[in-house]
Amino acid sequence: MTDGDQNTSVSVAMVGSGGAGVMTSGNMMLEAATKAGLYGLMTRTVGPQIRGGEAAALLRLSGKPVHCVDDTFDILVAVDWKGAERFAGEVPLGADSLIITDPATGDIPEILTDSGARIVEVPIGELAASVEGGRANMVILGLVASLIGLDEEPINKIIAKKLGKKGDAAVKASREAVSAGYDAAGGITSPVTVSPSDDKKDRWLISGNQAAGFGALRGGIRFVAAYPITPATEVLEWMSPNLPKVGGTLVQAEDELASINMAIGASFGGRPSLTATSGPGLSLMMEGIGLAVSSETPVVIVNVMRGGPSTGVPTKSEQTDLNIAVYGLHGDAPHIVTAATSVEDCIFTTQWSVYLAEAMQTAAIVLSDQFMGQASSIIDPPANISFMAQRLVESEPDESYLRYAVTADGVSPMTLPGTPGGQYTADGLEHNPKGLPSTLMEDHRDQMDKRDRKVAEFNYGDHWADVEGDDGCELVILTWGSTTNAVREAIERLNGEGVSCKLVAMRLLSPAVPEQFDQTLMGAKRVLVVEQSHSGQFLKLLRANYNMPGEVKSYRRPGPLIVRPGEIVDTIKNWSVQ
Amino acid sequence: MTDGDQNTSVSVAMVGSGGAGVMTSGNMMLEAATKAGLYGLMTRTVGPQIRGGEAAALLRLSGKPVHCVDDTFDILVAVDWKGAERFAGEVPLGADSLIITDPATGDIPEILTDSGARIVEVPIGELAASVEGGRANMVILGLVASLIGLDEEPINKIIAKKLGKKGDAAVKASREAVSAGYDAAGGITSPVTVSPSDDKKDRWLISGNQAAGFGALRGGIRFVAAYPITPATEVLEWMSPNLPKVGGTLVQAEDELASINMAIGASFGGRPSLTATSGPGLSLMMEGIGLAVSSETPVVIVNVMRGGPSTGVPTKSEQTDLNIAVYGLHGDAPHIVTAATSVEDCIFTTQWSVYLAEAMQTAAIVLSDQFMGQASSIIDPPANISFMAQRLVESEPDESYLRYAVTADGVSPMTLPGTPGGQYTADGLEHNPKGLPSTLMEDHRDQMDKRDRKVAEFNYGDHWADVEGDDGCELVILTWGSTTNAVREAIERLNGEGVSCKLVAMRLLSPAVPEQFDQTLMGAKRVLVVEQSHSGQFLKLLRANYNMPGEVKSYRRPGPLIVRPGEIVDTIKNWSVQ
Amino acid sequence: MNEIIQKKFKASDYKSKLKPVWCPGCGDYHVLLSITQALTKLQLKPENTAVISGIGCSSRIPAYTNSYGFHTIHGRGLAVATGVKVARPELTVIAAGGDGDGFSIGGNHFLHACRRNTDMTYIVMDNEVYGMTKGQPSPTTDPSWDSALSPGGTGLSPFHPLVIALASGANFIARTFSGDVKGTAKVIADAIEHPGFSFVQILSPCVTFRPDQKIWKEQVHEAMVSETDDPARAARRLMSDDGFNTGVLYRGSREAYRFSCGDEKGDMEEIQKQFEV
Amino acid sequence: MNEIIQKKFKASDYKSKLKPVWCPGCGDYHVLLSITQALTKLQLKPENTAVISGIGCSSRIPAYTNSYGFHTIHGRGLAVATGVKVARPELTVIAAGGDGDGFSIGGNHFLHACRRNTDMTYIVMDNEVYGMTKGQPSPTTDPSWDSALSPGGTGLSPFHPLVIALASGANFIARTFSGDVKGTAKVIADAIEHPGFSFVQILSPCVTFRPDQKIWKEQVHEAMVSETDDPARAARRLMSDDGFNTGVLYRGSREAYRFSCGDEKGDMEEIQKQFEV
Ligand SMILES: Cc1ncc(C[n+]2csc(CCOP(=O)(O)OP(=O)(O)O)c2C)c(N)n1
Ligand SMILES: Cc1ncc(C[n+]2csc(CCOP(=O)(O)OP(=O)(O)O)c2C)c(N)n1
Ligand code: SF4
Ligand code: SF4
Ligand SMILES: [Mg+2]
Ligand SMILES: [Mg+2]
């Protein structure tokens, strides 16, 4: 639940270990909520076990679009508490929160009870046992649905849809267990309810990783080279069966060195190409990305960030691959780095990035993160934007054709294999306009200038950042990536308290766009930089590339805990006080 | 020749293609100069051919230590002009310069004659032919030696030393050809001569790559994993035969992924370890370096920079691997980046970096570049500094031993395999103090803090930068790496003209040392940042990490032309004018 | 290999107290058991053994042993292990990992470790799948195995790790089944004792993503033929084997890698003479 | 492979005007000649051929042909080539490079290209040395060859690329000598025509760093035996061959990689239905 009226939402955590099935409950609740005209976001947290360890489904539902997690959870319900202390830190509670526990399953971890949350005991296991074939996860589904004010009907529909193929008995057992949960909720006062809206318009249920894959396809990607890595695998797994429908294909590579270079080869062949990975894989791709930059071969890399450094915390989110994405290439290697600002925006940003890579014949790294990538979100069907891969191709080259011609905007027409007379050799060695190796000072300078110019002087329009708030605002919050929506919600709350504040969520991290930046930040007296990084990578990027107006403050911390709106509200308030 | 009296030096370029042997002449002249009590620096430039293309030996000799190249060459002598236009840009001449050419070998490239240099014709080929077995490269050796005032005696000694094993006839032929060259110089007025000093004290002849290898050995490195790459190979090739003398060894790895990880393994085993590479190889090592950071395993990487991006300009120098060295790791991964400031300083900086890596149990990247690495330099024997690998080792661990204990200075005692009771598992996964995998918020934060703290709060003493000039100086030049000596010479010249200026040449590029920086730059009104990079990597690094006082100006350009003192003098002068 | 000492170590002395993250029923539990039994058999001091892995379910194994361990990065276990062995030749070095780790991303180090022949034992827990990343085909996966990443199967004939090992110069090549703990322990002990690089492929089922591997225990069988030391003969045999033959399938006698760190305390003054002119 | 058309291309139509950087006498000049002769034989349109290499002396070859070329990065030629072929199945794709590029840093892609069996031809100019970086041992170098990096020799038995290719599933395996331009051209033409991955090792002397390779021209000889399609037999043969046998030494019939880009113009509206709830 949030402070402002306009934000009424409910946040629920469903906890259970082993095969307790809390993810199933969570998914069903999310789908049911969609049917009820709600919006929602679901993330999951799991323990280190490969399978069957502690797990929690974390949901937030609301009548309005939901983009980030709330400060605290309103309701926490556990099938059992085994290993739950290992992620209790990721399920913040408040004194208004409600914990529902089955006394038969042992003690609630102290870190949770310390919150002062109200505790209600429900014999979840017994209730499940009272139904033939009944399972505890269905009981808590009913229990929570009832508490937050969701009708039983959409839930029953989902059960039929999901369990239909398991037979009538399974459907019946689940429905009865859900009913038992509904009944058990009777005597419990719920901390918060959501009003299902009558507006039953079409909704999409999508994760950030699917959204990135979809945006890529829409942008024109027709070749993908893949090497699995958490939490990016689902981008690849979504694209694999969908690519062939549009004449594309996916090759599973032996490693990331191969995947980036296969993508470069396919793009050289004329197909817009992509690969997806996370930090360790991106590390291995950097040499290949440099080749794309130098040989001017478009390629898109979706990097879904996880906790670092090294193998780090693979299943949790962090915004710490910004440095490597922007600065990780050897030599002076201008390229594009973008970042999605929400699950939904993974579509737009990936699609736009395909367009940018193709238009400028360079590498574009799209940053997403584990939180966005693996969150399932209920969204309004997104607009179909027009960005589409459109490479400057020379289809009738004559004798004078120069692959790396020094042009005014830095982009040189490219010939594709198969075009008579257009033969050239793409090269990562420094070359002259014809593409022949050259160590001449002049060629090196001209080609460096050109590669820089095409990226630095491109017209990125308004898309470089999401900017919201009055021009005259003296207080600005600068952020990027998945932290954007926590900031957005913080600003809504601050507005509610009469504090006005501008949001600048940067979608284009590289190159710098100083003109747009200066204009947007003109008049700022205080600038808060928000990011989920220990070292302040975003802050340093800004300092390096922009003139920061006014007083600058950094709010940052590492993962795995997702940045919450309340932290930002508090930071602003405490700053005001001084 | 330079403007100031104190800098009297002579710069000579000897040019010739195929097997003309100009490198042999250059090397002999350098050794002869040493015998004559001179200092000197020799670099080479070669064409793209693998063997036998155009080449030039570029020398600068002086009675005082020589650390950088001069603005122009005083004497340019060519055995022939084949392909010379391809590096003419790297051999700047002035109106005072002298070109010596054999009219039989064709036209001098226009870009050279455009300088207005005086041209003298000498029948070099004929003179060589007049001696039985005589070669043109020996004729020009004598010619140049005579012009700059070098006695024939030391040259004859070198000839005996170098050609002795080829037999008396070879020695005789060379001596006679040299004599013919001496004679031919008779009628030519030399633009400049150097005075051989009587101070015949011991000198060393060393290249930056050898110096790095030597510094590493002196610092305690006992294991090297190698994959060849220009221009770093000589570091490895020097170390290979020398390591076994001190109980060390070198393994040739299958690639750079293997070499960095072998080095990490050897270091885990307790041997201070190193690898050397250049940009493309460094790219491939980044994931491994992140493992060293996260698992707290000391390792040293010497990176000899070449022109970038991608394969770039492998045989030429540039300062553009700064970004990747500092920011190229995924996640927040604090580590050490240092840079040598001269051929000679390659010893100190590498040795110091071994000490730092071992003391802080982290990765240290040492940046050198092609110019320093492959330049042969005559230097005074360097002082034997005391830095020596000294790892904090726990040799008698008890039950309570924690490999990643959270300590005040962030450094935790390490046990070495073989130590009973000290068993632990080194890990790149985030871990708790014991080393067991953990995704807990608290463990992540504590370990991040610790890894950051040990590096950020270490006492680097005065070594973070070479600082020269008065405290009160309002004009400061900030630079790093091999550009340092051009700046140093520029400042000497400016001092000669009454302009006082402070030099700050940063040896520690990461982490930032804001206290030392602020104190050193206190009172600066104008700061010039000098670097050999197109995008201004150093400038951005400074902006990101430091508060730059006063007005800041950047002087930068890409390679392959080495930054010369005159460019910096001009920049300062033009700035003054405004 | 370090010396055998009097005190009798038990298998439990080679196990750490950390509970594995593996799924109940995972074949890797058995492999862990076999390793501890092999070490018991050889009576190696726990502190003189280093177990080094890459990344994957199977690669979690170092922390479950009571040895010095290194859980490195995906595919690089062999490179790290080589460094350890060359730097500390007196240690017993065991590299371990999965089929994805060892044959896909780590394939090059596999080739070159076989060729270099450094004295260590490499154990691959082959479950013909990427377990840790939730079920993608690995180089040893059957061409028709359906998955989200390769719907309908990869169509690629599986990689034959034993043949590759032989082709690259490995001198000890064996295959075992994780369910046969004793047999596996014996082979691992042999592998450790073999001078030079030893490769042991252990068929170790993934109960979660490859429940079809339950039948492996019926399919495996001891190799019918006697061990050979003739590579050409071994090649012919391995190329036509059914993938379920177990035992030591090849043992050669090529010299192990012979360069390593030692105790020489040379004189830097002597070394620097080469720079004096 | 693209179609043969009427107009008669000459070998010179497949050569660019760029002068090679190679040392006079380098074996790679002959390889270039053989490639252009092979293309002439097949009458492939120059613009429908892509020649893709890594980094090294030999890897300079793309720019010396009149094809579309890609001089990529060290060791990655095969990966780039795979991308080109899958994206543009109608092109003739030739990957080329050196022994260091292909067997050392590129070893993993070599393994997996053999296994994947994408229809392309891979030419390795093997000079048993790193030429470009001035003379270090490569995986095929003799153990006793002395160099600055490995004084006294590496002591490692050389890597046997043909055996590795066979072990990894390659279906066309040949060896030729660069000095035999005609014979090499014929084998290359065969390799191009073979569906799936074809591997041609060309012994191509480095006159600068391996002047000892002058005797190669006396050592090479045509393989005595007839071609085989039995991998086990081929394995036995290759493992005991002397390294100087030339000709097509193995030709199998495994299906080539079958996924590639096509012309389907599917409907995004249809695809997005899966997100609708
Ligand atoms: C550079 C890099 N790429 C990808 C990954 C993701 N990853 C982790 S384990 C793994 C595969 C594991 O398969 P395998 O080695 O067979 O081990 P198993 O889990 O089956 O035991 C992958 C792809 C990674 N950690 N690092
Ligand atoms: C990542 C990387 N590592 C190292 C190098 C340096 N390098 C360039 S070519 C080469 C070896 C070339 O040997 P080979 O492939 O046998 O080709 P040859 O020159 O002998 O024809 C090396 C190590 C590089 N360019 N990139
Ligand atoms: S996923 Fe498979 S390999 Fe991994 S622990 Fe579970 S059963 Fe074992
Ligand atoms: S160095 Fe050797 S391989 Fe390279 S061009 Fe010269 S002869 Fe050929
Ligand atoms: Mg596996
Ligand atoms: Mg070679």
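Per chain, numbering begins at 1; letters A, B, ... match sequence-line order. These numbers were taken from a predicted model, which means no experiment stands behind them.
- The CG atom of A:Leu291 sits 4.5 Å away from atom OG of B:Ser310, with the distance rounded to the nearest 0.5 Å.
- Interface check for chain A: of the options B:Ala88, B:Gly328, B:Pro309, B:Ser283, the most heavy-atom pairs under 4.5 Å are formed by B:Pro309.
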**Report entry** Working for salt bridge (Lys or Arg N to Asp or Glu O under 4.0 Å), residues B:Arg564 and B:Glu90
**Finding:** CA-CA 11 Å; B:Arg564 292 178 143 77; B:Glu90 293 173 59; over 6 Å; no

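- Between chain B and the residues A:Gly312, A:Gly290, A:Pro558, A:Ala333, the most heavy-atom pairs under 4.5 angstrom are made by A:Gly312.
- No other option in B:Gly89, B:Pro437, B:Ser533 has as many heavy-atom pairs under 4.5 Å with chain A as B:Ser533.
- The two atoms that bring B:Arg453 and B:Gly410 nearest to each other are NE-N, 3.9 Å, heavy atoms only.
- Proximity to chain A (any heavy atom under 4.5 Å) is restricted, for B:Asp452, to the side chain, taken from C-beta onward.
- Defined by atom type and a distance below 3.5 Å, a donor-acceptor pair is present between the side-chain atoms of B:Ser438 and B:Asp443.
- There is no contact between A:Arg557 and chain B, counting heavy-atom distances below 4.5 Å.
- Between B:Asn261 and B:Ile264 the shortest side-chain heavy-atom distance falls below 4.5 Å.
- Of the listed residues (A:Ala544, A:Gly308, A:Pro560), the greatest number of heavy-atom pairs within a distance under 4.5 Å of chain B belongs to A:Ala544.
- Proximity to chain A involves both the backbone and the side chain of B:Pro280, based on heavy atoms less than 4.5 angstrom apart.
- Proximity to chain A (any heavy atom under 4.5 Å) is shown, for B:Asp255, by neither the backbone nor the side chain.
- Of the two parts of B:Leu329, only the backbone, made up of N, CA, C and O, holds a non-hydrogen atom closer than 4.5 Å to a non-hydrogen atom of chain A.
- Contact of A:Gln319 with chain B is not made at all, since no heavy-atom distance falls under 4.5 Å.
- Interface check for chain B: of the options A:Glu430, A:Met286, A:Met448, the most heavy-atom pairs under 4.5 Å are formed by A:Met448.
- Within the 4.5 angstrom heavy-atom criterion, only side-chain atoms of B:Gln537, from C-beta onward, approach chain A.
- Contact between B:Thr45 and B:Phe87 at its shortest, heavy atoms only, is OG1-CB, 3.9 Å.
- The most heavy-atom pairs under 4.5 Å with chain A, out of B:Val293, B:Leu429, B:Leu257, B:Asp321, come from B:Leu429.
- If you measure heavy-atom distances from A:Glu287 to chain B, the contacts under 4.5 Å come from both the backbone and the side chain.
- Chain A forms the most heavy-atom pairs under 4.5 Å with one residue out of B:Arg306, B:Lys316, B:His444, and that residue is B:His444.
- Only the side chain of A:Pro314 comes within less than 4.5 Å of a heavy atom in chain B; its backbone stays farther off.
- For the set B:Met285, B:Glu318, B:Glu85, the entry with the most heavy-atom pairs within less than 4.5 Å of chain A is B:Glu318.
- Side-chain polar atoms of A:Asp332 and B:Ser535 form a donor-acceptor pair below 3.5 angstrom.
- Listed for the A:Arg86 side chain is no donor-acceptor partner under 3.5 Å among the backbone atoms of A:Gly47.
- In terms of non-hydrogen atom pairs under 4.5 Å with chain A, the most contact-rich of B:Leu322, B:Asn303, B:Ile324 is B:Ile324.
- Checked by atom type, the side-chain pair B:Tyr404/B:Gln447 shows no donor-acceptor distance below 3.5 Å.
- For chain A, no part of B:Leu541 is nearby; none of its heavy atoms comes within less than 4.5 Å.
- Options A:Ser278, A:Ala325, A:Gly279, A:Ala456 differ in how many heavy-atom pairs under 4.5 Å they form with chain B, and the most are formed by A:Gly279.
- Looking at B:Asp449, both its backbone and its side chain come within 4.5 Å of chain A, counting heavy atoms on both sides.
- The CE atom of A:Met360 lies 11.5 Å from the CD atom of A:Glu457; values are rounded to the nearest 0.5 Å.
- Considering only heavy atoms from C-beta on, A:Lys450 comes within 4.5 Å of A:Glu296 through its side chain.
- Between B:His431 and B:Ser295 there is no side-chain heavy-atom pair separated by less than 4.5 Å.
- Residue B:Ile301 holds its CD1 atom at 5.0 Å from CD1 of B:Ile365, rounded to the nearest 0.5 Å.
- Heavy atoms of B:His534 lying under 4.5 Å from chain A belong to its backbone as well as its side chain.
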